[in-house]
There are 2 protein chains.
Amino acid sequence: MAETENSIAIPQDFDGLKAMILERKTQLPKRLRQVAAYALDHPDEIAFGTAASIATSADVQPSTLVRFAQHFGFEGFSSLQQIFRARLRERTPGYDERLKALSGNDHSKLESGSIFNGFVAAAHRSLDNIATSVEPEAFERAVNILAGAETIYLVAKRRSYPISGYMAYAFGKLKVRYQMVGTAAGIDDDILAMAGPKDAAFAVSFSPYASESVNQAKLLATRKVPVVSLTDSAFSPLAESSKVWFELVEADHAGFRSLSASMAFAMALTVAVAEKRRRITEERVIE
Amino acid sequence: MAETENSIAIPQDFDGLKAMILERKTQLPKRLRQVAAYALDHPDEIAFGTAASIATSADVQPSTLVRFAQHFGFEGFSSLQQIFRARLRERTPGYDERLKALSGNDHSKLESGSIFNGFVAAAHRSLDNIATSVEPEAFERAVNILAGAETIYLVAKRRSYPISGYMAYAFGKLKVRYQMVGTAAGIDDDILAMAGPKDAAFAVSFSPYASESVNQAKLLATRKVPVVSLTDSAFSPLAESSKVWFELVEADHAGFRSLSASMAFAMALTVAVAEKRRRITEERVIE
DNA sequence: CGAGGAATAGAACATCCATTCCACAATTCC
DNA sequence: GGAATTGTGGAATGGATGTTCTATTCCTCG
């Protein structure tokens, strides 16, 4: 038997496959057309089912599925199935278009360009996730806790440090009293000793969790200081010390995780807290 | 062996399962907790993978996966896997609807929600701009300059400080020698006095330009230190001191400019420099 | 109408899978 | 500190899976 298709490219994504199926469906033999119709009508079934179960549903033989896949250039049914699974994986809206737009620009021609593109794409993906992963109610509670605090303690190390660095800058501008923890070594405990129930803390730590940050958050929690935290897993040791915590998974490129979503989150939180404070103060003045 | 759980209901959907896992995670044995963390962090992997492949990824034995499933009342791993698959099934349709849902999501109903949405949107806009505004050739030149330097001096103040803060962290991880300028007051001049033509500097400053940063960049330029800079206007005083400079306009929300694009840029630059260095070193070794 | 070739069904096969089982290690509880 | 219990790793196993092969059926065209 001659190779059915090796001159024309094998579809790499679902859209490409769909287009190819539609293009050829009239020339397809009876059973294969039957499979084609079923595949486009029940893509989820193809993604999750086994060849046997799909064959039963589509009322064909398992071998027909294999032949179908091979007709479109795949090695077997399994490799065709990957296309259907990938479709479910990449559910983020607008993501595909963005990626295509990126890879189409002239950055990719140069050596360092793909690195640049990669990080921009990772940042986009992170931001796409953040809107769904952060619950508005939790955000509101976090804002209330921090807005009610006399002093806000900022806990972050290493990779998370830039985030608290920004918040420190912004809080300063907005005239919100804050205290950074962990800038100079040794005096952290003294600083934390001043914190009390009237204050609040914001801690950031991503895996691998800096043990210092975790311990400081724990210490604050035992001192009845309400802690709001930002982390990347429900299993983060930070979560247990926190009154409110946010799970925020940053996309990565080449193993370097983005900070864009965390940054956006930090900005929003900072400004929302300042805004809330302003309102509280005004109400007090009126009364 | 006694039935682990038949008094309490078996989770029927992903949210229920997630809640139960979080509830019990502290009591879970070591390996099972490992699986729990992996499962919640990589739900897609669980949905599509085989027990063997997942076990390898999560660094446990396949049998551990089965025991994990049974601990939560499932008959075996396969039935637990159904939960993860159902989760993907349910949230497939409607790319367009999803996009709309995002912009009109329930964040906006709450007080602080619009602030949150605003910052995420601003970050997206910034990133959309960055790909067009940064010229690949310039980026390549910047990478070459910094990769050739003995020590990289990082100059940034105030709002830009988090950017150099991240770069310092990443350079440290990547074993690239760097020196931050402007951390402790007073000794900056001494630090800068050590810089020479063999080194290079990366300066970040957005309007209103911190006069310190501008002056330090000037000083470095007169000492023949090549300067790469990131700023937001062609008229920036930084530009004249720089060998290569990038104009990067961040979108803003409520007057607070995003940092997401700058951050992505900084990450890309950092990694690209490290990558280039690695290559240079390898070539030297070969010769 | 009947030969030739493609398409198909169904069985056979080799592979891979989830699960079970058991010996050993770790932990807990007297 | 020893006994009992629980947790863990790794091999064994029975079953199911995707694929291949071949006999048969179904078209098509002379």
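Order of the sequence lines sets the chain letters (A, B, ...), proteins ahead of strands, with each chain counted from 1.
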* Asked: Which of these nucleotides, C:dA18, D:dT19, C:dT19, is closest to any side-chain atom of A:Pro62?
  -> D:dT19
* Where the side chain of A:Ala52 is defined as all heavy atoms beyond and including C-beta, which of D:dT20, C:dA18, D:dT17 is the nearest nucleotide? -> D:dT17
* Asked: CG of B:Leu32 versus C1' of D:dG7: gap in Å, rounded?
  -> 8 Å
* Rounded to the Å, how far apart are B:Glu75 CD and C:dT19 P? -> 8 Å
* To do: Mark yes or no for whether B:Gln81, through its side chain, and B:Ile46, through its backbone, hold a donor-acceptor pair below 3.5 Å.
  => yes
* Using heavy atoms to find the nearest nucleotide of DNA chain D for B:Thr64 and A:Ser79 separately, return the residue whose nucleotide is more 5′. => B:Thr64
* Less than 3.5 Å between a donor and an acceptor, one on the side chain of A:Ser63 and one on the base of C:dG10, is that the case here? -> yes
* Structure fact -> Against the side chain of A:Pro29, the closest entry in C:dA18, D:dT19, C:dT8 is C:dT8
* Does B:Thr50 reach the main-chain N or O of B:Ser53 with its side chain, forming a donor-acceptor pair under 3.5 Å? -> yes
* To do: Examine C:dA7: is either OP1 or OP2 under 4.0 Å from a nitrogen or oxygen in the side chain of A:Arg67? Give yes or no.
  => no
* Donor + acceptor pair across side chains of A:Gln179, A:Thr151 (<3.5 Å) -> no
* Asked: Does B:Tyr169 have A:Arg158 sitting over its ring (NZ/CZ under 6.0 Å from centre, angle to axis within 45°)?
  -> no
* So, is A:Gln70 near the phosphate of D:dT20, with a side-chain N or O under 4.0 Å from OP1 or OP2? -> yes
* To do: Starting at atom CD1 of A:Ile46, determine the distance to atom C1' of D:dG18, rounded to an integer number of angstrom.
  => 14 Å
* Side-chain touch A:Leu192/A:Gln216, heavy atoms, less than 4.5 angstrom -> yes
* Could you state the NZ-P distance from B:Lys30 to D:dT6, rounded to the nearest angstrom? -> 20 Å
* Structure fact -> Taken to the nearest whole Å, CD/B:Gln82 to C1'/C:dA18 is 13 Å
* Below 4.0 angstrom from OP1 or OP2 of D:dT19, is there any side-chain N or O of A:Ser78? -> yes
* Structure fact -> note: B:Leu28, atom CG; D:dT8, atom P; distance rounded to Å ~ 9 Å
* Structure fact -> Taken to the nearest whole Å, CD/A:Gln61 to P/D:dG18 is 14 Å
* To do: Let me know the distance between CG of A:Leu65 and P of D:dT19, rounded to the nearest Å.
  => 9 Å
